[in-house]
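Note sheet for the following structure.
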Amino acid sequence: MRFSVTNMLWVVFNLPIAFLVLNLYFIEHTEYLMFSIIPLIIMLPFLYFPATAAMFASARDWVMKEENTSIRQYWSYYLENYKKSMLGGLILTGVWTVWGVDYYYFSQENVVLTFIFLVMGVILFVFTINFFSMLSHYEMKLPKIMKNALIITLGCPILFLTILISSGILLYMSLNGFEFLFIFFTGSLISYLSFSAFYRFYLKMTA
């Protein structure tokens, strides 16, 4: 129940983004893509990142057995972390946008560069998840959170692979025959499994 409640709250907070993403599937002419992509990029820092930060904060409570999920608790985390997650979202959205443009361009020009940017995208994906885990667990300033997230992303291969594999399997299932998972479980399960792996790493480092 707590997984589905949190995931549905996350979906509700991201409904405008979901609408724009769905629109992309129905656009036939590439020149019209910008009409959906630009608003999508603008919305991400202000909607997706605060909502996802609140979801990771809820997952942290489950892992540490501190709180039960409630709408009030989720809303509290949303407000508490809004400014920091939004600012982090501005940075990460910019990085993801640059990566997306470069990947699109080089995928049509050079196979080797396409592979390099694909690897960079995987690293950026895991880094983004670690950013949310760090944000939900530590009271740090944003530059330090991002620095530490980068360090554990590059410096802990087991954590990296755990997050990548678990998230990859859930996303693959959600895109291939189990679309209902997006509404009820995908986001909350990814946040729970990722924070669980992160927290085990944290306990090992502080033991």
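For the numbers below, each heavy atom of this structure counts, side chains included, while hydrogens, waters and symmetry mates do not. Quantities reported herein were computed from a predicted structural model and do not represent experimental measurements.
Between Phe131 and Phe127, the ring planes are tilted. Angles from 30° to 60° get that label. Using cut-offs of 30° and 60° on the angle between ring planes, the pair Phe184 and Phe180 is tilted.
Linking Ile, Leu, Val, Met, Phe, Trp and Tyr whenever their side-chain heavy atoms come within less than 4.5 Å puts Met205 and Leu135 in one cluster. Hydrophobic clustering keeps Ile116 apart from Val98 (ILVMFWY residues linked when any side-chain heavy atoms are closer than 4.5 Å, directly or through intermediates). One hydrophobic cluster, built from ILVMFWY side chains closer than 4.5 Å, holds both Met120 and Val112. No single ILVMFWY cluster, assembled from side-chain heavy atoms under 4.5 Å apart, contains both Val101 and Leu124. Val12 and Leu20 fall into different hydrophobic clusters, defined by Ile, Leu, Val, Met, Phe, Trp and Tyr side-chain heavy atoms under 4.5 Å apart, directly or through other members.
The side-chain heavy atoms of Ile123 and Leu154, taken from C-beta on, include a pair separated by under 4.5 Å. Taking 4.5 Å as the limit, some side-chain heavy atom of Phe125 sits within range of a side-chain heavy atom of Leu171. Between Phe56 and Arg60 the shortest side-chain heavy-atom distance does not fall below 4.5 Å. The shortest side-chain heavy-atom distance between Asn148 and Lys144 falls under the 4.5 Å cut-off. Counting heavy atoms from C-beta on, the side chains of Asn130 and Leu159 come closer than 4.5 Å. Looking at Trp96 and Thr128, their side chains come closer than 4.5 Å, going by heavy atoms from C-beta outward.
To the nearest 0.5 angstrom, Lys147 atom NZ is 13.5 Å from Ile152 atom CD1. Taking OH from Tyr104 and CH2 from Trp99, the interatomic distance works out to 13.5 Å, rounded to the nearest 0.5 Å. Taken from CZ in Phe195 to CG in Asp61, the straight-line distance is 8.5 Å, to the nearest 0.5 Å. In this structure, CD1 on Ile42 lies 12.0 Å from CD1 on Ile37, to the nearest 0.5 angstrom. Atom CG of Leu87 is separated from atom CG of Leu92 by 11.0 Å, given to the nearest 0.5 angstrom. Of the inter-residue distances, the one linking Asn14 atom CG with Leu9 atom CG reads 11.0 Å to the nearest 0.5 angstrom.
The ring-ring contact (aromatic ring centres under 6.0 Å, His included) test with Phe13 singles out one residue from Tyr48, Tyr82, Tyr78, and that residue is Tyr78.
Checking side-chain atoms of Tyr74 against main-chain N and O of Ala51 turns up a donor-acceptor pair under 3.5 Å. Using a distance-only test at 3.5 Å, with no hydrogens or angles considered, no donor-acceptor pair links the side chain of Thr93 to the main chain of Leu90. The backbone N or O of Arg72 sits nowhere less than 3.5 Å from a side-chain atom of Ser76 that would complete a donor-acceptor pair. One N or O on the side chain of Asn7 and one on the backbone of Phe182 form a donor-acceptor pair closer than 3.5 Å. A donor-acceptor pair under 3.5 Å links the side-chain atoms of Ser136 to the main chain of Ser133, judged by distance alone.
Enclosure of atom CD1 in Ile158 is not indicated, since only 12 or fewer non-hydrogen atoms of other residues, nucleotides or ligands lie within 6.0 angstrom.
With sequence neighbours left out, the ring pair (Phe, Tyr, Trp, His ring centres under 6.0 Å) criterion links Phe49 to Phe132. For Phe106, the ring pair (Phe, Tyr, Trp, His ring centres under 6.0 Å) partners are Phe117, not counting sequence neighbours. Under the rule for a side-chain contact (heavy atoms from CB on, under 4.5 Å), the partners of Tyr138 that lie at least two apart in sequence or sit in another chain are Met134, Met140, Phe198, Tyr202.
Closest non-hydrogen pair, Pro45 versus Pro50, comes out as O-CD, 3.2 Å. Counting all heavy atoms, side chain and backbone alike, Ser194 lies closest to Ile163 at OG-CG2, 3.9 Å. Thr162 and Ala197 get closest at one heavy-atom pair: CG2-CB, 3.8 Å. For Met8 against Ile183, the heavy-atom pair with the smallest separation is CG-O, 3.4 Å.
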Give the C-alpha distance, both sets of side-chain angles, the deciding distance and a yes or no for ring-ring contact (aromatic ring centres under 6.0 Å, His included) between Phe3 and Trp62. CA-CA 10 Å; Phe3 280 96; Trp62 307 337; 4.8 Å; yes
If you apply the rule side chain to side chain contact (heavy atoms under 4.5 Å, CB included), what do you find for Leu170 with Phe178, and how did you get there? CA-CA 9 Å; Leu170 283 168; Phe178 298 90; over 6 Å; no
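Between the side chains of Trp10 and Ser191, no donor-acceptor pair is found at a separation under 3.5 Å. Side-chain atoms of Thr186 and Ser174 form a donor-acceptor pair, as typed in the model, at a separation below 3.5 Å.
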